[in-house]
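These notes concern the structure reproduced below.
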Amino acid sequence: MSSSSPIASGPWARRVSRQVTISQGAHQVQVGGGAPVMVQSMTNTDTADAIGTAIQIKDLARAGSEVVRLTVNSPEAAAAVPAIREQLDRMGVDVPLVGDFHYNGHTLLMDYPECAQALSKYRINPGNVGKGAKRDTQYAQMIEAACKYDKPVRIGVNWGSLDQALLARIMDENAQRATPWPAQAVMYEALVTSAIENAQRAEELGLAGDKIILSCKVSGVQDLIAVYRELARRCDYPLHLGLTEAGMGSKGIVASTAALSVLLQEGIGDTIRISLTPEPGGDRTREVVVGQEILQTMGLRKFTPMVIACPGCGRTTSTVFQDLADKIQTYLRDQMPIWKGEYPGVEGMNVAVMGCIVNGPGESKHANIGISLPGTGESPAAPVFIDGEKRMTLRGDRIAEEFQGIVLEYVQSHYGKQAAV
Ligand code: SF4
């Protein structure tokens with residue numbers, strides 16, 4: 001028996017939060033308050049190497065990172081930040097920079113005012129601000145710098161560096177319970193409490209409530225989901241999502257995707273960062289691509305045309321369709337920095353590259369452009385479908401080049417100025 005109502009789809013309503021603006025000159029990036037979920041990344045260069053860091057930031061921004069964080073861990077790093085900003089400005093890269101501070105942030109922000117000014121946001125880890133009486137003073141100094149330079153902050157709690165005094169207090173409170181909570185629940189409570197209490201303290205120190213973003217990073221998928229659900233329930237600050245130390249390769253991608261997808265589907269999360277460990281010699285921009293792909297495949301944002309490709313099976317023993325799918329995906333991504341200005345809307349285009357006649361024509365018809373390559377034993381012809389109609393058949397050794405030309409023609413005729421006439 002069929003259902004009496006249509007099957008619903010899509011994420012839950014977005015959690016209502018304040019909106020934080022991160023500014024770099026006239027360029028503004030909004031976080032929370034209904035703004036699209038923003039993708040950010042972090043450099044892994046030595047910040048004191050201003051040129052090397054500026055080049056990596058440019059690459060991350062070109063890949064689509066809307067904000068880039070860099071560590072400010074030493075006087076040399078703090079001194080380099082204004083030079084990095086100038087270099088980026090010279091290259092026409094207006095991506096806002098976030099300074100990541102641990103242990104000595106209060107000193108660096110006071111001693112290097114040009115660094116404090118050049119950054120668009122400060123990340124403060126309340127577990128790494130100092131110990132004992134110094135902790136409160138040093139935390140206050142960082143918040144005072146944020147007020148003085150009119151910068152937003154992310155209060156970023158991490159379970160690897162949880163404020164030990166606060167954890168001890170939560171454990172004491174737990175010991176008083178008639179039935180004490182399990183250790184895991186105590187840890188969750190400490191993470192959430194640390195983020196919220198530090199945000200409240202920042203507001204008491206004079207920082208506006210719409211200058212605060214929170215995060216509570218852990219490295220376990222179920223831990224992250226549990227902590228963010230609670231954080232989302234207990235405050236209305238925008239939330240930065242990320243699985244810390246996600247790991248390398250497919251493990252890092254799968255773990256991040258699993259954790260973030262559940263939360264994003266529930267309307268939780270205003271900005272994301274995918275903490276992938278790059279393969280030796282790997283490209284740092286991978287974390288940006290993964291972040292974008294999570295949002296785009298969930299239907300939350302559109303960044304770049306998507307290639308739908310079949311996985312292949314025994315019906316196609318050649319690698320032609322794999323090569324073509326890879327070539328087209330790379331081509332589309334490489335074009336986006338130019339296309340997004342010239343052909344607005346192109347980021348929503350779908351291209352299908354299929355391996356044989358079983359699902360090839362059907363899937364190709366659902367895409368804007370699709371090609372069904374010949375499987376084993378099939379006639380050596382590749383029908384091309386445009387907007388659901390079979391338009392031509394490609395043959396021979398130049399199928400890849402000809403198909404790329406068809407894609408470009410489609411983009412030029414369907415998006416941007418040409419499309420309007
Ligand atoms: S489209 Fe053809 S080659 Fe691709 S997975 Fe399906 S049956 Fe296999």
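Everything numeric in this text was worked out from a predicted model, so none of it was measured. In each ligand, atom 1 is the first atom listed, and ligand 1 is the first ligand listed. In this chain, residues are counted from 1 in sequence order.
Excluding waters, the protein N/O/S atoms found under 2.8 Å from atom 8 (Fe) of ligand 1 are Cys313 SG.
Within a 6.0 Å sphere centred on CD1 of Ile308, other residues, nucleotides and ligands contribute more than 12 heavy atoms.
Applying the side-chain contact (heavy atoms from CB on, under 4.5 Å) criterion to Gln30, with sequence neighbours excluded, gives Gln19, Thr21, Gln28, Ala35.
Listed by first and then second residue, the side-chain hydrogen bond (donor to acceptor under 3.5 Å, both in side chains) pairs involving residues 68-80 are Arg69-Asp100, Ser74-Glu76 (not counting sequence neighbours). The side-chain hydrogen bond (donor to acceptor under 3.5 Å, both in side chains) analysis of residues 357-373, with sequence neighbours excluded, yields the pairs Asn368-Tyr410.
Of the possible polar contacts, none joining the Gln24 side chain to the Leu119 backbone as a donor-acceptor pair under 3.5 Å is found.
The one candidate from Asp46, Thr45, Thr43, Asn44 that meets the side-chain hydrogen bond (donor to acceptor under 3.5 Å, both in side chains) condition with Thr53 is Thr45.
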